[in-house]
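Below is one structure; the comments refer to it alone.
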2 protein chains.
Amino acid sequence: MDDTKRTPAPKDRNAAPLGPSVRKPGSALTITDVADFAGVSKKTVSRVLNREPMKATTRAKVEAAIETLGFVPNAQARALAFRKNFVIVLFIHDSTSPMAMTFQRGVLSAIGDSELALAVRPVNRESPELLSEIETFLARQKPMGAIFLPPLSERDDIGEMCQRLNVKYVRVGSAQLDMMSRSVWSNDREAVMGAVRDIVALGHTRIGFVRGPKGFLSAREREAGFRQALVSAGLTPDETLFADGRYTFDSGLAAGQALLSLPQPPSVIFASNDSMAAGVVRAAHEKGLRLPHDLSIVGFDDGPVAVQLWPSLTTVHWPVIEMGVLAVHKLVPETLPAGEDPAALPSMVASSLIRRESLDAPVR
Amino acid sequence: MDDTKRTPAPKDRNAAPLGPSVRKPGSALTITDVADFAGVSKKTVSRVLNREPMKATTRAKVEAAIETLGFVPNAQARALAFRKNFVIVLFIHDSTSPMAMTFQRGVLSAIGDSELALAVRPVNRESPELLSEIETFLARQKPMGAIFLPPLSERDDIGEMCQRLNVKYVRVGSAQLDMMSRSVWSNDREAVMGAVRDIVALGHTRIGFVRGPKGFLSAREREAGFRQALVSAGLTPDETLFADGRYTFDSGLAAGQALLSLPQPPSVIFASNDSMAAGVVRAAHEKGLRLPHDLSIVGFDDGPVAVQLWPSLTTVHWPVIEMGVLAVHKLVPETLPAGEDPAALPSMVASSLIRRESLDAPVR
DNA sequence: TCAAAAAAAGATACCGGTGTCTATTTTAAT
DNA sequence: ATTAAAATAGACACCGGTATCTTTTTTTGA
């Protein structure tokens with residue numbers, strides 16, 4: 001009989017009864033295993049992982065162990081010790097928005113194959129709990145940075161809350177929304193002004209305008225640019241040529257139908273975004289108009305539809321992808337290509353008109 | 001021996017030299033603070049957080065403390081202790097793909113405001129490192145589940161790797177790709193067959209077909225359904241009416257131009273997805289054809305373009321959002337509405353034709 | 001050559017939770 | 001009322017890393 005049969009206190013994991021080094025392949029490895037294998041301490045392995053200065057021979061020894069064992073550090077443990085999760089959160093208002101999806105592409109490309117992860121979190125702007133929902137998410141996740149897309153980005157209280165929680169953030173918009181280091185924007189207003197200048201230069205004088213939803217800064221900026229450009233061109237804004245829209249295809253269709261039913265319809269319609277421009281295109285087609293001969297149409301965004309429409313849409317290119325890249329670079333300067341200066345990052349990316357088929361001179 | 005109960009441990013963090021209860025608001029709170037406030041142990045607070053059965057009065061006391069202090073548990077610490085991160089990873093091949101973006105909407109809606117987070121990770125299918133890239137990401141993040149979209153989902157080795165790492169996964173496709181509990185799919189083939197049946201019923205006999213890229217199961221399924229339906233209808237597939245495409249607008253345009261330049265062009269063209277259908281629409285417009293009078297066009301996906309085109313596109317609705325919801329429910333049954341049975345979840349969501357303007361009977 | 005200074009590696013506490021086992025109550029049974 | 005059984009709460013180790021401080025090794029200076 002074996003007298004050592006009884007195991008009184010097997011709480012040490014080294015005393016596991018399953019035999020020596022029984023572990024699942026891959027993920028069960030820890031830094032301790034690597035340290036044992038390399039014959040060094042945990043801390044030394046940690047130094048290698050964090051690229052701290054150390055003796056080359058020791059580093060090589062540890063790196064060889066990591067390579068041999070196929071060790072991958074546990075992100076949660078690092079996050080806990082660092083008190084920072086290697087994650088960037090993208091807060092979006094509407095997961096349907098093409099802008100958000102495009103922006104996300106920019107974010108992903110900037111993240112590349114770094115160890116950063118992207119978390120996407122939709123929140124409802126209408127909710128009275130909005131702020132506390134975001135705060136809870138941030139407190140729970142402790143991300144490296146947070147990005148707020150319009151129209152969330154337009155709330156100042158969100159920025160203040162992030163500062164209180166000590167979370168880096170970037171607000172994205174159509175004009176500067178925060179201090180430079182915390183915002184990324186495009187010059188929607190100037191871009192529209194440039195577009196209208198081109199439209200006027202072609203000879204148009206009756207220019208219809210489809211507004212975006214009131215709550216969006218981009219909508220206000222674009223309308224402001226439009227009006228400003230008209231005045232600069234010596235034209236008087238005609239309020240009957242303005243129609244309301246909600247950045248949706250349907251609202252653009254309705255607006256187009258309204259504008260085209262006027263006794264004196266415009267010779268060109270500027271829609272505040274591409275979806276609405278597509279609606280206007282349809283309204284024109286329904287009326288049997290030939291585009292751009294009978295009606296020119298200009299949009300804003302340069303989203304995927306722009307080239308898929310017939311005729312292809314002249315539209316202001318909104319550099320959403322570039323803004324996404326920029327936002328990540330601002331939040332995590334380490335994502336910058338080697339040698340680039342974080343302090344030299346721009347904050348504004350210019351929008352500008354892309355000429356396609358849907359814009360031509362008016363028939364006289 | 002133990003008369004001196006006082007523990008003189010000065011290294012306790014309560015001995016911080018910054019004065020009494022000096023801590024940043026919100027995020028610095030820990031479970032210990034709550035326990036002290038409520039006059040219970042850490043473990044008891046943990047029990048409340050995890051909704052374990054306990055005495056109602058104790059629970060109320062702790063909940064009051066949590067509420068009063070505004071405590072939010074640290075996700076990384078939980079993840080470390082649980083050895084599971086409360087995250088779902090969505091692996092996508094191409095962050096440009098409208099399908100991926102739409103699917104993501106479904107995932108987000110299923111996640112809702114639960115404590116799950118969505119992480120999006122693009123990977124390059126062409127890369128020889130693909131498998132190890134995914135493996136490293138999974139080993140690092142230890143997510144609750146992983147979702148693979150086409151064409152990544154079509155690789156069996158990825159599924160095997162996930163099982164090895166003990167990560168739950170779902171493969172999404174146009175036909176079953178794995179065991180039921182691990183895949184979500186739609187019946188693309190049957191849906192195309194149904195669509196073609198409708199097309200034939202209108203009197204069409206010369207039906208053009210624009211293929212998708214070879215590497216995609218969906219492309220093969222859709223073509224197979226198309227051919228099968230022709231045969232069922234007593235028609236012989238005419239190889240000259242098949243054109244290659246790559247699921248892009250440009251490739252659809254080129255395919256449309258080719259098919260419409262045939263000596264005997266088809267009276268209807270079925271494109272394997274909407275982007276290519278949009279290209280065909282343009283090709284038709286360029287040729288001066290009136291749609292659908294001179295040419296009918298049918299797509300597949302029912303993406304955002306479908307309704308924005310002129311004429312609006314008759315297309316097979318691909319239930320991508322529903323598949324996204326389903327995938328999450330399969331990975332984390334807790335996301336199901338109360339009372340629903342996880343075992344009763346379907347795995348297939350049917351696609352079916354949506355009639356819009358672009359399909360009509362041929363002129364005879 | 002040997003001690004002092006600098007650099008490298010190690011030991012151990014700690015991040016903020018959960019799991020296990022033990023101590024204490026509460027409830028049930030005699 | 002007393003005790004056994006069941007339910008509840010607590011103590012403490014542990015998850016897998018990093019930070020701090022100490023020890024050891026290497027380098028430098030006299």
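Residue numbers begin at 1 in each chain, while the letters A, B, ... track the order of the sequences. Hydrogens, waters and symmetry mates play no part in the numbers below; they use all other heavy atoms, side chains included.
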Check the interface with nucleotides 6-10 of chain D: list each N/O to N/O pair with the protein under 3.5 Å, or write none.
unit_1	atom_1	unit_2	atom_2	d
D/dA9	OP1	B/T58	OG1	2.1
D/dG10	OP2	B/S41	N	2.9
D/dG10	OP2	B/S41	OG	3.2
D/dG10	OP2	B/T44	OG1	2.6
D/dG10	O6	B/R47	NH2	3.0

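In this structure, the CG atom of B/D36 is 14 Å from the C1' atom of D/dA11, given to the nearest Å. Protein atom CD1 of A/I66 is 13 Å distant from nucleotide atom C1' of D/dG17, rounded to whole Å. Straight-line distance from the CG atom of B/L80 to the P atom of D/dG16: 7 Å, rounded to whole Å. Taking atom CG of residue B/N50 and atom P of nucleotide C/dG16, one finds them 17 Å apart after rounding to whole Å. Rounded to whole Å, atom P of D/dG17 lies 5 Å from atom CD1 of A/I31. Atom CZ in B/R83 sits roughly 12 Å away from atom P in D/dG17 (whole-Å rounding). D/dG17 atom P lies 16 Å from atom CG of B/N74, rounded to whole Å. With rounding to whole Å, B/Q141 atom CD is found 13 Å from D/dG17 atom P.
Counting heavy-atom neighbours within 6.0 Å of B/E126 CD, excluding the residue itself, gives a total above 12.
If you check the side chains of B/R78 and B/N50, you find a donor sitting under 3.5 Å from an acceptor. Residues B/S183 and B/K330 have side chains that never bring a donor and an acceptor to within less than 3.5 angstrom of each other.
The phosphate of C/dT18 has OP1 or OP2 within less than 4.0 Å of a side-chain N or O from B/R78. For C/dT18, one of the phosphate oxygens OP1 or OP2 lies less than 4.0 angstrom from a side-chain nitrogen or oxygen of B/S46.
Only at 4.0 angstrom or more do the heavy atoms of residues 111-118 of chain A sit from any atom of DNA chain D, so none qualifies.
For the pair B/D113 and A/R121, the salt-bridge criterion is not met [side-chain N within less than 4.0 Å of a carboxylate O].
When each of A/V87, A/V325, A/V328, A/V332 is checked for a side chain to side chain contact (heavy atoms under 4.5 Å, CB included) with A/I111, only A/V328 meets the rule.
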Does the pair B/K55 and B/R59 meet the rule for a side chain to side chain contact (heavy atoms under 4.5 Å, CB included), with working shown?
CA-CA 6 Å; B/K55 210 164 81 177; B/R59 150 160 296 135; over 6 Å; no
Decide salt bridge (Lys or Arg N to Asp or Glu O under 4.0 Å) for A/E154 and A/R171; before the verdict, give the C-alpha distance in whole Å, the side-chain angles of both, and the deciding distance to 0.1 Å.
CA-CA 8 Å; A/E154 291 157 29; A/R171 295 163 68 184; over 6 Å; no
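Note on ring orientation: taking the six-membered ring where Trp is involved, the planes of B/F148 and B/F91 are parallel (angle under 30°, cut-offs 30° and 60°).
Residues forming a ring-ring contact (aromatic ring centres under 6.0 Å, His included) with B/F103 (at least two apart in sequence, or on another chain): none.
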